[in-house]
Each structure stands twice: as structure tokens, then as C-alpha cells.
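None of the values given here were measured: they were computed from a predicted structure. Letters A, B, ... are given to chains in the order of the sequence lines, protein chains preceding strands, and every chain is numbered from 1. Quick note: numbers below take in every heavy atom, side chains included, and nothing from hydrogens, waters or symmetry partners.
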Number of protein chains: 2
Amino acid sequence: MPALAVTFDDVARAAERLRGVAHRTPAITSATLDERTGAQVFLKAENLQRMGAFKFRGAYNRLVQLDPAARARGVVAFSSGNHAQGVALAAKLLGIPAAIVMPTDAPAAKLAATRGYGAEVVLYDRFTMNRAEIAQTLAAERGATLVPPFDDPAIIAGQGTAALELIEDVGPLDVLLVCTGGGGLLSGCALAATKLSPGIAVYGVEPEAGDDWVQSLARNERVTIPVPDTIADGMQTQSPGELTFPIVQALCAGVVTVSDEELRDAMRFAFERLKLVIEPSGVAGLAAALTGRVDVRGKRVGVTLSGGNIDAATFARLIA
Amino acid sequence: MPALAVTFDDVARAAERLRGVAHRTPAITSATLDERTGAQVFLKAENLQRMGAFKFRGAYNRLVQLDPAARARGVVAFSSGNHAQGVALAAKLLGIPAAIVMPTDAPAAKLAATRGYGAEVVLYDRFTMNRAEIAQTLAAERGATLVPPFDDPAIIAGQGTAALELIEDVGPLDVLLVCTGGGGLLSGCALAATKLSPGIAVYGVEPEAGDDWVQSLARNERVTIPVPDTIADGMQTQSPGELTFPIVQALCAGVVTVSDEELRDAMRFAFERLKLVIEPSGVAGLAAALTGRVDVRGKRVGVTLSGGNIDAATFARLIA
């Protein structure tokens, strides 16, 4: 097996850097959820993370390692939302200028929050323009550092601290269900979980309409799909990452899909029974547990609740 | 000063009984909230408590002390909602039959949840009938134990464990803001907080339309008001409790009011920035901090988020 681009030690070092900066989010349990799933479930509530999603972990771990000259030239990121806010907040805390390339149809709350953290927002049309190219051009013009949303060793290592904390807090797990877009959270969590809880089965969970991971794992190569039409706006990636894919291939038990309706059911469950606001992309792991898409009966199960950034109107519509 | 009906030791013993049964809910912090208030705020997230509110603490502490004969005869409770669910869940866990007297206009989610815990629900019209009488008659007929919502030493002691845990977890506080209906949570938390954090200023917070506490404290006697018209359905009590009033008089710095619009603003803040579902009655303390009704600038402030049981439709309307 070729060496992976990121190791457990990178995750452990990221955890040191994030100590006292990121929230150590609670591991939430629910008797109702345990009854419904037949499992013992521990929810890593990253919706309660700073800026409302796990993305702060990776962004801060990346930015804090920039040298003074690079910090002065600033950072550029492209994101459908939470990565934008993560980079914006990390940049603000570190005094780094940040420009964020965001789609015109990103949720208003995410646009406002990104600007609220003091970042410059550069808008583009998600269906006709290539955000990576726009961001690369912008970064080249300014000499700024491009901070990709997932395909970066420091980003991956930072996201993995979510699983590291969860297992430190609740002990070994049999199964870990991780919300999966580009695979930054999944690959990072797989690095942490397989080290700290040997024998654990780590699964990614992605939307049915955007099953680039399922297709890619089946073919043993990265498949590119059209922009998926799903309520999970944080999971509209078109293909697994170059760095994240081999980590997932090497360490994960698989990736499963859930439908938009199952995401809505899980959002309603989180609202009614957990009293948590979770965005559609953030409940994918919970949906996999509730639907039995991954068989968790009788097991100790970790689930990432990856974010809670959603407009009031959209939330109201989806839980209605 | 006459001896109070409940002591700190009662709260400490309740904490022992609740260990491993109630959730030790997290103390949540938010940089945005600290910026907005100029304070260092620690939110005791009792919306994440079992059955979605602090009421489980008092109910369990009361029911677990019943002897076997009393357990067999069952319990009766009257409640606009969360106390009902607290008693129903505690009764279920202890194998005690429970009948709950609830208003016909209680939120559907609360009626359903109470029945879901296996309790018998007895409905009454809140504007024309006296729930206490109905419950007393029912209890007398069955030889069951009446479990009042707040005016009971074991209930008060149980609720106080919320403040006990918060101060154990985050250290001494300068101010504690407590959501106040009948005063069970306020009096219990005052007993815990003034013992564990000497010099702390404990404030109750009630809705403007239902200012029975403010009036009663001003007159030094318990005043009874009409059923208040407020969105805070858990705070529609008409007068302070016989046991809770002297405790609050002796230990609290005061009670302040917030308007329904301020409760809505606080609910929106909790949704947008904290990613938490809080019912109107549950954000009263947060509203007092956000509005500056209690001056918290430069202080270490504890705030109870007392519950999160609310219908999806009502929640959607209130955060719109």
C-alpha cells in the first residue's frame, strides 16, 4: 500500500493547534435515538462548533501554519458555504485578509455570515463557471494562498480532530458514520478513528443524487458526476478528492447514500427529539443510522452532525 | 429569617439521585454571544435534557423517593407541558403509572410526547377549569400521589441541580439568569448558586405579560394575576409558589421581565448563532442577557436554556 498523504500524527498535531481555539463539541446521546436504532449512538455535535460547522477545524489548522509573509498576502477559498465561513473566521482570528469565492445561490445566511467575519465575498454562477479556476486566478493575481475545501493535508488533518475528540470522550466505537462531500471530514476521521479504535468500521454517507463516492469506490477510480440536485447544499461536490480518495479506499468500510426525503426525516428527528438545528448536509450520518442503511444494531456508533448553517425559511420548509 | 423549605443539601442529594439518569447537559459558549453582551456567557443547555427540558430533574427526584406502596398507586400531575413530560418519563423509568392533566391547547408535540412516554392524558379547558382541582380529585379517587409542577421541596431541589452542574463545570459566576414560571427552577438554582458561588446575583426572568413575580416581590406578598397572554406557554403561571416565593425573596437579586418580541429575537439568535431549538419559555434568560435587561457587561454569566419542546409550525412562525 502506498503511503497516504496524511497520517494520524498529523491529526494529533492538529488537535494540539486547535486546543482552546475550536470548541470541544459535546457528544450527545438520546434514549429515543438508541431505541429507534437499536444501537448506542454518540452524536458529535459539530453544528455547535464555531461558525456552526466542523469546517473551522481544517481551515484553522491550515491557516495557522502559514508563515508571516504568506499571512500578509492573504488567503483565497472557494466554497458553497461552510468552508467559506471556516476560512473567514480562522483568517479573522489570525489577522489574515481573506477573499471567498461563493456561488450566487449559496444560502443567504452563509453569505451574510462569511461577510460578517470580515471576508471579501466574490460571487460566481455555480452552473456555468468553474469556481476552482476563479479562485486560482484570484490567488495568482494577489500572491495569496489558495485554501481548498477538502483536498489538502492540513485541512484533512484538522477535520479528523472531530473523530479524535469523540473517541477520546466516549471510548472505542464499532461504527462511525461520517457526512461526506469532498471527503475531508471522512478521510480525516478515518485516520483518527482507525488508530484510536482499531477494528472500527468507518462509513461515509452521501446524498443519493450525488453518489460520486459510491461510483468511484466501485470502479476503483475517481468518477466525476454532474452537479448533483439535492437539498444537501454542502454535498454538491462532483468527485472525490485526489488526496481524500486513497485514504478512504485504504481505511473506510464503504460509502452509502441517503435520499433527500431521508435527510428531511433526519432533520425533523433532530429538531423534535434532539432540539438541534442541523442543515441537510449535516444529518447524512444520522439518516444512515435511522434508516438502517448501515446496520448498527447492538453496536456503539459514532455519528457526525457536521453543521447547522441554514436559513430560517429553508429550515421551516424542510421540517414542515 | 425563617428556615427555608429546601436547603442546598437537598439539591446536592438530588444531584446524587440524578447521576447517570439525567443528562449532564453541556455548558455552551459562543464568541458571538459574548461580543453581543460584553460578557462571558455560559449557557446551560437544558433543551438537551431528557424529554427536552429541565423538568425531568425535579420530577425524577420526586418520584424516586416514593415508597413501593405509593409507587403502585401511581402519580397524577397537572402541567401545560414540560412538567407533564418530565413526570411521564420519570414514571416510565421507575415503572409507576402516571396520569397527566393537560390543557386542551397545549402544544401538540407536548401532548404526543406525554402519551408517547406511556402516560394517561386527561384534558381540561385552561380558561374555564381549575387544573389543580381536577388533579386533586383524580389523585384522591385513585389514592395516587399528586406531583405539583413546582411547589414541592423535591421538585425544587431537583431543578436546582442544573445550576449545581453549571457552576461545577465552569466555575464561579457573577450573575445567573433563570427562566421563571412558578419558580421551581429559580428557587432551586438560587439555593445551589448562592452556596457554590458566594456573592452571585441570581435573577429570575419572566414574560412582561405575566409579571406575577415582579408584582409579588414589590409587594412582599404573593400576587395572583389573570392567565397571562404570552408566547411563553411554559410561563403562564398566575402566581409565585408558596414554597418558591420565600426562597426567591431570601436568595435572589430580583426578577426582570422580557417582552414576547424579545423572546422571539432570542429564539432567532439561538437558531441562527447557537444552532439550538429553544421554546419561547426557554429563552427568557438569554433574552435578558441580549437586551441588557440585566447588566451583564464584563461579568461571568450563567444562563439557563430551560427547554426545547415546540411544534415545528410554531417554531417556523416564531423564527420567521
Side-chain angles (χ1 to χ4, degrees), chain A residues 20-35 43 45-53 56 89 92-93 107-110 112-113 116-117 169 264 267-279 282 305-320, chain B residues 20-35 43 45-53 56 89 92-93 107-110 112-113 116-117 169 264 267-279 282 305-320:
Chain A
V21 180
H23 287 319
R24 190 175 187 102
T25 53
I28 289 174
T29 60
S30 157
T32 307
L33 178 57
D34 288 356
E35 273 169 37
L43 301 163
E46 284 294 296
N47 63 318
L48 306 182
Q49 186 52 264
R50 295 185 76 162
M51 48 68 50
F56 175 69
L89 174 57
K92 180 188 171 196
L93 294 175
K110 293 186 179 181
Y117 291 126
D169 287 350
R264 282 186 68 169
M267 283 179 68
R268 282 189 208 104
F269 182 88
F271 167 79
E272 285 174 8
R273 308 306 305 226
L274 307 175
K275 315 303 174 188
L276 294 176
V277 176
I278 321 275
E279 60 188 282
L305 300 176
S306 63
N309 290 323
I310 182 167
D311 284 296
T314 308
F315 188 73
R317 181 169 53 77
L318 291 176
I319 63 166
Chain B
V21 180
H23 287 318
R24 190 175 186 100
T25 53
I28 290 175
T29 60
S30 156
T32 306
L33 178 58
D34 289 355
E35 273 168 38
L43 302 163
E46 284 294 295
N47 62 319
L48 306 181
Q49 186 52 266
R50 294 186 76 162
M51 51 64 54
F56 176 69
L89 175 57
K92 181 187 169 195
L93 294 175
K110 293 187 180 180
Y117 290 126
D169 287 351
R264 282 185 69 168
M267 285 179 67
R268 284 190 206 101
F269 182 88
F271 167 78
E272 285 173 9
R273 307 307 303 228
L274 306 176
K275 315 304 175 187
L276 294 176
V277 176
I278 322 275
E279 61 188 282
L305 300 176
S306 63
N309 291 324
I310 182 167
D311 284 295
T314 307
F315 188 74
R317 182 169 52 77
L318 291 177
I319 63 165

- Message: Is the shortest side-chain heavy-atom distance between Lys275(B) and Ile278(A) below 4.5 Å?
- Response: no
- Query: chain B: which of Gly52(A), Ser30(A), Ala313(A), Gly308(A) shares the most heavy-atom pairs with it under 4.5 Å?
  - Reply: Gly308(A)
- Which class fits the ring pair Phe315(A) and Phe315(B): parallel under 30°, tilted 30 to 60°, perpendicular over 60°? perpendicular
- So what's closer than 4.5 Å to chain A heavy atoms on Arg317(B): side chain, backbone, both or neither? neither
- Message: Taking side chain as everything from C-beta outward and backbone as N, CA, C, O, which of these in Arg273(B) sits under 4.5 Å from a heavy atom of chain A? Side chain, backbone, both or neither.
- Response: side chain
- Message: At a heavy-atom distance under 4.5 Å, which candidate from Thr29(A), Leu274(A), Ile28(A) has the highest pair count against chain B?
- Response: Thr29(A)
- Any side-chain heavy atom of Leu276(B) within less than 4.5 Å of one from Leu48(A)? yes
- Who wins among Asn309(A), Asp311(A), Thr32(A) for the most heavy-atom pairs under 4.5 Å with chain B? Asn309(A)
